[in-house]
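Working notes, beginning with the structure itself.
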Amino acid sequence: MANSNNFILLISFLSFSFLSISTSGETEQKGPFVGVNIGTDVENMPATSDIVSFLQLQKITHVRLYDANPDILKSLSGTKIRVIISVPNNQLLAIGSSNTTAASWIQRNVVAYYPQTLITGISVGDEVLTTVYSSAPLLLPAMESLYNALVSSNLHQQIKVSTPHAASIILDPFPPSQAFFNQTLVDVLLPILQFLSKTESPLMMNLYPYYVFMQNKGVVPLDNALFKPVTPNKEMVDPNTLLHYTNVLDAMIDSAYFSMKNLNVTDVVVLVTETGWPSKGDSKEPYATKDNADTYNSNLIKHVFDHSGTPLHPEATSSVFIYELFNEDLRSPPVSEANWGLFYGNTTAVYLLHVSGIGTFLANDTTNQTYCIAMDGFDSKTLQAALDWACGPGRANCSEIQPGESCYKPNNVKNHASYAFDSYYQKEGKSPGSCDFKGVAMITTTDPSHGSCEFPGSKNVSNKTKEVVNSTESSSAGEKLRFRTMNTVNNILHIFLTCLSALLLVLL
């Protein structure tokens, strides 16, 4: 009987612990974000006030500008949209050579707008070390002068100063553990990293898996570049650390961390200031398609909001800025240069992102057409165990895969598991983690329905679409994410307590 009482006490303690976790997280608002870059080489560029209204409509909360456009900064006032402003390369000489010029720049472009406009960072130059190396000696002095001017205005804690780098400053990026910074840049780069460490500022990196894939076709699988779910045998493994990489971007981020570690810098986080995928290219760029751009950016957004970090730093998920908001149709060839945008200049979507389930970020995703299916490459026994759980403890509606019903055929474990997985996934409101089943399931935007068999996600599309549209008007992304997180925790609690209760009955 004493043992029974101990189990009851344990259950009560665990119940309290889980409830504490779910309630304490309600007010937590920190976390990684997804922002967008706003380039201006756009014919018929919308008016700045229209751009800001559009950002609010799309629930975009972070933007990065390539200058300090006064009209946009003024229009952002009072919107709660956070913005990183930039010092163009052609201004480095003046700012890096004169503290007075730097102080004047801060007064004109920061103090004049802050805090009504939420400026959070200054990116000094753009890929200076690889594009205009002659200006490299001016880079750190410019950053220090701007930082000192922020200190004088008591804004150095709120606004961080850094400089974006091209991925090419890192040599031997894979495996990540062997990566290192180009030795010819270290004399300039190390003092910059020490400055970032001292000021608690991020290392800004422009990271494009698209270019990694294009330069290494046949070596880097397209699925890994696009964040597509891959089976364990297709994961990229670092032979030195045995860390498994399912996507190229994580490997690129970790290569930056290893490169910093080689210079004894271990307390600077990586901020991805540019990443994306072009939606159109010429004959030499056959992988620049709308489908691939949709897949990359949709999966990127989900990956960030999943808070999964990288294999080296699972505790630290890098925030990212997608390149870019609008197609810059005035850019010079190749064709892809003008086709990185999520939207055309008239604000219509180039393609509909599939980011349902992570809140209201990017309201152009109104299709909500995502499904959960079994992945290829797993044996029937493993799939059967997941299928049994979905139809049993998971309480998925599996009636349609019974003999004689519309989804019974083809009569195989993978087909039945896919239906059961999607049933559970839809029942759970597509909440984070509800399409996993110990790694044998994946989310897809392709409707798996066939013949007379209609999958649960397909049945619910019209109703769910209305819900998503309404949610963009009534709830913030953070609120929906926290709500889903609480639901997930409560589901885990329910399953955990059910199992403990069953064990208790056996022991009694």
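Only a predicted model underlies this, so the values are computations on that prediction, with no experimental measurement involved.
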How far apart are the closest heavy atoms of [X] and [Y], and which atoms are they?
| X | Y | result |
| --- | --- | --- |
| P232 | F378 | CD-CZ, 3.8 Å |
| G341 | N327 | N-OD1, 2.7 Å |
| H244 | P311 | O-CG, 3.2 Å |
| L76 | V52 | CD2-CG2, 3.8 Å |
| A225 | P209 | O-CB, 3.9 Å |
| P334 | D282 | CB-OD2, 3.9 Å |

For [Y], does its backbone N or O pair with a side-chain atom of [X] as donor and acceptor, under 3.5 Å?
| X | Y | value |
| --- | --- | --- |
| N292 | A288 | no |
| S318 | V270 | yes |
| T117 | L73 | yes |
| N262 | A179 | yes |
| N339 | V335 | yes |

Enumerate donor-acceptor pairs with a distance under 3.5 Å from any side-chain N or O in residues 98-112 to protein atoms, sequence neighbours excluded.
unit_1	atom_1	unit_2	atom_2	d
S98	OG	T100	N	3.3
S98	OG	T101	N	3.0
S98	OG	T101	OG1	3.0
N99	OD1	S145	OG	2.8
S104	OG	R108	NH1	3.3
W105	NE1	Q91	OE1	3.2
N109	ND2	W105	O	3.1

Please enumerate all residues that pass side-chain contact (heavy atoms from CB on, under 4.5 Å) together with P229, with sequence neighbours excluded.
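Checked P229 against side-chain contact (heavy atoms from CB on, under 4.5 Å); matches are M375, M442.
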For [X], what residues pass the side chain to side chain donor-acceptor pair (under 3.5 Å) criterion, not counting sequence neighbours?
| X | result |
| --- | --- |
| D187 | none |
| N346 | T348 |
| D254 | Y245, T310 |
| Y208 | E274 |

Do [X] and [Y] touch side chain to side chain, with heavy atoms closer than 4.5 Å?
| X | Y | result |
| --- | --- | --- |
| L300 | W277 | no |
| F174 | V248 | no |
| N44 | D329 | no |
| Y351 | N297 | yes |
| P46 | T347 | yes |
| V350 | Y344 | yes |
| S332 | E337 | no |
| L190 | F181 | no |

Residues T184, N182; criterion side chain to side chain donor-acceptor pair (under 3.5 Å); working and verdict
CA-CA 5 Å; T184 63; N182 186 329; 2.7 Å; yes
Show me, pair by pair, the donor-acceptor contacts under 3.5 angstrom made by side chains of residues 210-219, not counting sequence neighbours?
unit_1	atom_1	unit_2	atom_2	d
Y210	OH	E285	OE2	2.9
N216	ND2	V212	O	2.7

Roughly how far apart are L196 CG and Q194 CD, rounded to 0.5 Å?
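Going from the CG atom of L196 to the CD atom of Q194 covers 10.0 Å.
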To the nearest 0.5 Å, what is the distance between CG (L92) and CE (M143)?
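L92 CG to M143 CE: 10.5 Å, rounded to 0.5 Å.
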Anything under 3.5 Å between a donor and an acceptor, one on a side chain of residues 35-43, the other on a protein residue two or more places apart or in another chain? List them.
unit_1	atom_1	unit_2	atom_2	d
N37	OD1	R64	NH1	2.9
N37	OD1	Y66	OH	3.4
N37	ND2	T273	O	2.9
N37	ND2	I322	O	3.3

For residues 155-172, please give each side-chain donor-acceptor pair under 3.5 Å, one per line with the distance, not counting sequence neighbours.
unit_1	atom_1	unit_2	atom_2	d
K160	NZ	T199	O	3.2
S162	OG	P202	O	2.7
T163	OG1	V124	O	2.6

How far apart are the C-alpha atoms of F321 and M204, what are their side-chain angles, what is the distance that settles it, and do they pass the side-chain contact (heavy atoms from CB on, under 4.5 Å) test?
CA-CA 10 Å; F321 285 87; M204 294 179 170; over 6 Å; no
May I ask you to check whether over 12 heavy atoms, not counting those of Y287, lie within 6.0 Å of atom OH?
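Incorrect, the count does not exceed 12.
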Does atom CD of E235 have more than 12 heavy-atom neighbours from other groups under 6.0 Å away?
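More than 12 within 6.0 Å, yes.
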Set out, in order, the CA-CA distance, both residues' side-chain angles and the distance that settles side chain to side chain donor-acceptor pair (under 3.5 Å) for D71 and T48, then state yes or no.
CA-CA 6 Å; D71 292 332; T48 52; 5.2 Å; no
Measure the acute angle between the ring planes of F326 and F343, then classify it against the limits of 30° and 60° as parallel, tilted or perpendicular.
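Geometry flag for F343 against F326: perpendicular rings.
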Restricting to ring pair (Phe, Tyr, Trp, His ring centres under 6.0 Å), what partner residues turn up for Y257, sequence neighbours left out?
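Testing Y257 for ring pair (Phe, Tyr, Trp, His ring centres under 6.0 Å), a comparison that skips the adjacent residues, returns H313.
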What pairs of residues pass the ring-ring contact (aromatic ring centres under 6.0 Å, His included) test when at least one of them lies in residues 111-136, not counting sequence neighbours?
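The answer is none; no pair qualifies.
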Side-chain donor/acceptor pairs under 3.5 Å, residues 80-90, sequence neighbours excluded:
unit_1	atom_1	unit_2	atom_2	d
R82	NH1	K80	O	3.4
S86	OG	L65	O	2.5
S86	OG	S123	OG	2.5
N89	OD1	D126	N	2.7
N89	ND2	D126	O	3.3

